[in-house]
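Have a look at the structure below before the remarks.
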Amino acid sequence: MRWSQYFIPTLREDPADAEVVSHRLLLRAGFVRQLGAGIYSILPLGWRVARRAERIVREEMEAVGGQEFFLPALHPAEIWKESGRWEVMGETMFRLRDRKGADMCLGMTHEEIFTSIARHEIRSYKQLPQVWFQIQTKFRDEERPKSGLMRLRQFIMKDAYTFDVDRAGLDKSFENQRSAYKKIFDRCGIKYHIVEASSGAMGGSESNEFMARTSAGEDFIAVCESCDYAGNLEKATSKIPAVEDEAGPDAPEEFPTPGVRTIEDLTTFPGGAAAERQVKTLVYVATDGKTQEQYPVLALLRGDHQLHEVKLGDSLGASAVRPAQNEEIVELLGASAGSLGGVGARDKAAASKKSLRVVADNSLKGRRNMTTGANKDDHHLRGVGVERDIKPDTWADLRTVQKGEACPNCESGTLDIFKAMEIGHIFKLGTKYAESMGATVLTKDGKEVPIVMGSYGIGIERILSAAVEQSHDADGIVWPKAIAPFDVVVTVTNVKQQEIVDAGERLYEELRRAGLEVLLDDRDERAGVKFKDADLIGIPLRVTVGKKVSDGKVELFDRATKQSEDVGLDEVAGRVQGSALSGL
RNA sequence: CGGGGCGUAGCGCAGCCUGGUAGCGCGUUCGGUUCGGGACCGAAAGGUCGGAGGUUCGAAUCCUCUCGCCCCGACCA
């Protein structure tokens, strides 16, 4: 490609609307342009990168038996009504009507469509397993599109689905996908962590997220510094030292605590208790995942621990949880936040005809002689035994892991916590869709069973964002070699000097013949402008053809290290080729 | 959806408070000098001031409505 003819609209100044690095650089370097909130046009340079990423994805999918489909983005409502997700997806689904008034939607994902193909065509265990995938545009009316290409309303996704006759088959398919994903992100030059994730109310027994570390990420993950343990904060656990309690009184004792509202207040109040000797009592309202009924929940934690709301929701099988309003709390327990406790809470709630669920964090197991609110304003109880006096309905992991705590998986490691963005997610779906949509096969012994499915996604644009987030400097993008828009840029420093131009042209041809993707900067611009632009768009290698050609030399410049070296014209092609193929 | 901010030339912004013929920088075009890290001089083109309605002799500026975008929060397979 000749730069003079190629469309690379670089911007000298930062676009006002771009906040995060990847957004800013992709815009400035001419890879994308915004059309609307969460809707982007991908320009030629950006499309080259996307196509290279897709190619890697395709190769690795095919390597584990994946067969590529191309499914519609426009779906009739019926199929979504069958799986029950026409309602579940709510406002996130783009909906429209055709000329006859029939409900339609734009696909957010393709479980339904693939399942419908499977149920019509797959009848026997002999046809399984199947691994199907596509690279397709997805539409999601996100409440808040943001951060450039990170949260889009229209985006390209590789979605794969596996179909197996039983759980064991699914486990194997899942493992195949997992290893394919590793290869994909390794090849793309993205550093990632595989974390255990909450599969939410959508069902599915197990899911792994592939998370790329970046401050622009939307999730927090906890990662062990010495072993390979990693978890999304909504799932991560840690080992914490146990607290030894002295034996307390035989029954809780109430005592007045005027003005005490917080855990902190009580630690300094005469006759109070240290935070780890208190029971923190939080009131939530949960929405049941199946019946959609709302009910109150008491979440109990150690005083110095923080609740993680997703964990609470998961422990209840709830589709949503929210903190209760103060009026609701008073109605339920007869006291305001600051004086709440689990002792007798169920009875108080029953008096107002509410059924209350009490969930306690695992760290409260066996604890006694603790202090907590008395459900009476300005009063607390001491000498409370959690099992003896509160009797929680459920024990669960509710607390938010903190940086520096001990790894739950190894002996010596501690956890680091940082932000990351989700670039891939693999799920064991099980039989959820097969059952609701009637996709069954006959087993060896003639039994009809639902197909066991897995679902696996990768956001293509997110590969671009993650790569830029992780690999850039003050001058611009530094593309990983495997997905760079070009392998090398040949910069002709002065197009008015024939000798330089001729040498550049010859080199351009030679490199192309060697099978490389080459960009020839043949623009009538000053050398400085060309260097700045080349740095900005992030081509891994630059060959500068300048005055030294009269000595038979050009300059080889490494974008990542900024090292340059004089190389003889006869050996450049070999050097460039070697470097371009050297992977990361 | 709640809170905040912003829509003025291709891009980045000023002008608005206190109404009176729309400006700056970058970019673009032409001429010249320059030519290895975003050159310089000179000339020029380019704007229904997001849209609609209103107040006024007169609206980018004041008022009402509306559309769009960004950020924070909530939300999120």
Side-chain angles (χ1 to χ4, degrees), chain A residues 9-20 23-24 27-28 30 33-40 83 85 88-93 108-112 138 140-148 150-153 157 159 161 197-204 206-209 216 218-219 232 234 287 289 309-310 313-314 319-323 421-422 424-430 432-433 453-459 474-476 491-497 500 521 523-536 542 544-549 554-555 557 562 564 566:
Chain A
T10 59
L11 266 19
R12 190 184 284 240
E13 289 170 90
D14 276 335
D17 284 345
E19 198 94 343
V20 303
H23 187 200
R24 207 184 76 221
L27 237 27
R28 262 197 71 195
R33 284 295 182 263
Q34 182 171 17
L35 184 60
I39 310 173
Y40 282 78
S83 72
R85 295 209 290 182
V88 175
M89 289 306 186
E91 305 254 80
T92 309
M93 182 181 263
M108 329 179 27
T109 175
H110 285 75
E111 277 84 3
E112 279 79 357
K138 305 285 197 240
R140 295 183 190 180
D141 195 0
E142 296 285 350
E143 291 181 44
R144 195 183 149 210
K146 62 173 176 179
S147 309
M150 288 181 49
R151 185 155 291 266
L152 295 166
R153 292 197 294 173
M157 184 177 184
D159 49 324
Y161 305 84
S198 164
S199 13
M202 291 311 297
E206 196 179 329
S207 91
N208 283 170
E209 287 170 335
E218 300 177 284
D219 289 281
N232 193 308
E234 65 196 34
T287 305
E309 294 190 358
V310 174
D314 285 352
S319 60
V321 295
R322 63 164 175 89
M421 74 185 276
E422 181 185 348
H425 201 161
I426 57 179
F427 273 92
K428 290 186 183 176
L429 287 178
K432 178 183 163 73
Y433 295 91
M453 294 173 56
S455 144
Y456 317 88
I458 291 179
D475 293 315
T491 302
V492 173
T493 57
N494 190 330
V495 296
K496 298 213 170 60
Q497 293 183 27
I500 294 177
D521 194 349
R523 293 175 298 167
D524 183 8
E525 287 286 353
R526 296 164 63 86
V529 172
K530 296 187 176 192
F531 295 155
K532 288 286 183 191
D533 270 344
D535 287 351
L536 181 60
R542 186 180 84 214
T544 309
V545 182
K547 1 182 208 284
K548 293 173 206 155
V549 286
V554 291
E555 212 170 275
F557 176 85
K562 293 196 163 147
S564 66
D566 288 348

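In this text the structure is predicted, and so the values were computed from the model without any measurement.
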Out of rC71(B), rG36(B), rU34(B), which has the shortest distance to the side chain of R526(A)? rU34(B)
With sequence neighbours left out, the residues meeting side chain to side chain contact (heavy atoms under 4.5 Å, CB included) with K138(A) are H110(A), Q134(A), Q136(A), F155(A), M157(A), D159(A)
Kindly give the atom pairs (protein nitrogen or oxygen, nucleotide nitrogen or oxygen) under 3.5 Å for nucleotides 1-12 of chain B.
unit_1	atom_1	unit_2	atom_2	d
rG12(B)	OP1	A16(A)	N	3.3

Does N494(A) make a side-chain donor-acceptor contact with the base of rG36(B), cut-off 3.5 Å? no
Using the C1' atom on both, measure rC63(B) against rA44(B) and round to a whole Å. 40 Å
Which is true for S147(A) with a 4.0 Å heavy-atom rule: it touches a base, it touches only sugar-phosphate, or it touches nothing? sugar-phosphate
Work out how far the C1' atom of rA59(B) is from that of rA52(B), and round it to whole angstrom. 15 Å
Identify whether any heavy atom of T544(A) sits under 4.0 Å from a base atom; if not, whether one sits that close to sugar-phosphate; answer base, sugar-phosphate or nothing. base
Looking for any heavy atom pair under 4.0 Å, which part of the strands does R28(A) touch: base, sugar-phosphate only, or nothing? base
Just the atom pairs and distances: protein N or O near nucleotides 31-33 of chain B's N or O, under 3.5 Å.
none

Please give the distance between the P atoms of rU34(B) and rG23(B) as a whole number of Å. 35 Å
Nucleotide opposite rC6(B) in a Watson-Crick or G-U pair, distances under 3.5 Å: rG68(B)
Who passes side-chain hydrogen bond (donor to acceptor under 3.5 Å, both in side chains) against R153(A), sequence neighbours left out? D141(A)
Every protein N/O within reach of nucleotides 28-30 of chain B N/O, cut-off under 3.5 Å:
none

Answer yes or no: is there a donor N or O on one side and an acceptor on the other, between the side chain of R140(A) and the main chain of M93(A), under 3.5 Å? no
Could I get the full list of side chain to side chain contact (heavy atoms under 4.5 Å, CB included) partners for S147(A), not counting sequence neighbours? V20(A), M150(A)
Looking across every strand, which nucleic acid part, if any, lies under 4.0 Å from G36(A) by heavy atom: base, sugar-phosphate, or nothing? sugar-phosphate
Looking at rC1(B), which nucleotide sits across from it as a Watson-Crick or G-U wobble partner, both distances under 3.5 angstrom, or is there none? rG73(B)
Of all residues at least two apart in sequence or in a different chain, which pass the side-chain hydrogen bond (donor to acceptor under 3.5 Å, both in side chains) check with T10(A)? D533(A)
Which of the following nucleotides, rC35(B), rC76(B), rC71(B), is nearest to the side chain of R151(A)? rC76(B)
Can you list the residues that meet the salt bridge (Lys or Arg N to Asp or Glu O under 4.0 Å) rule with E112(A), with sequence neighbours excluded? R85(A)
Contact class for K530(A) (heavy atom, under 4.0 Å): base, sugar-phosphate, or nothing? nothing
salt_bridge(K146(A), E218(A)) N-O dist < 4.0 Å: yes
Using the test salt bridge (Lys or Arg N to Asp or Glu O under 4.0 Å), find all partners of E555(A) that sit at least two apart in sequence or belong to another chain. K548(A)
Among the candidates rG37(B), rA39(B), rC69(B), find the nucleotide nearest to the side-chain atoms of V529(A). rA39(B)
Kindly say if Q34(A) contacts the phosphate of rG68(B), meaning a side-chain N or O under 4.0 Å from OP1 or OP2. no
The salt bridge (Lys or Arg N to Asp or Glu O under 4.0 Å) partners of E422(A) (sequence neighbours excluded) come to none
By ring-ring contact (aromatic ring centres under 6.0 Å, His included), Y40(A) pairs with (sequence neighbours left out) H23(A)
With the side chain defined as heavy atoms from C-beta on, R12(A) is closest, among rG36(B), rC72(B), rC26(B), to rC26(B)
Within the side chain of K530(A), is there an N or O that forms a donor-acceptor pair under 3.5 Å with the backbone of T493(A)? no
With distance as the sole test, does Q34(A) use its side chain to make a donor-acceptor pair with the main-chain N or O of G36(A) at under 3.5 Å? yes
Go through rG36(B), rC69(B), rG38(B) for me and flag the one nearest to the R153(A) side chain. rC69(B)
Under 4.0 Å, counting only non-hydrogen atoms across every strand here, what does Q497(A) touch: a base, just sugar-phosphate, or nothing? nothing
For rC16(B), which nucleotide is its Watson-Crick or G-U wobble mate, given both distances must be under 3.5 Å? none
Residues two or more places apart in sequence or in another chain: which of them pass salt bridge (Lys or Arg N to Asp or Glu O under 4.0 Å) with D219(A)? none
If you measure from the C1' atom in rC76(B) to the same atom in rG54(B), how many Å do you get, rounded? 42 Å
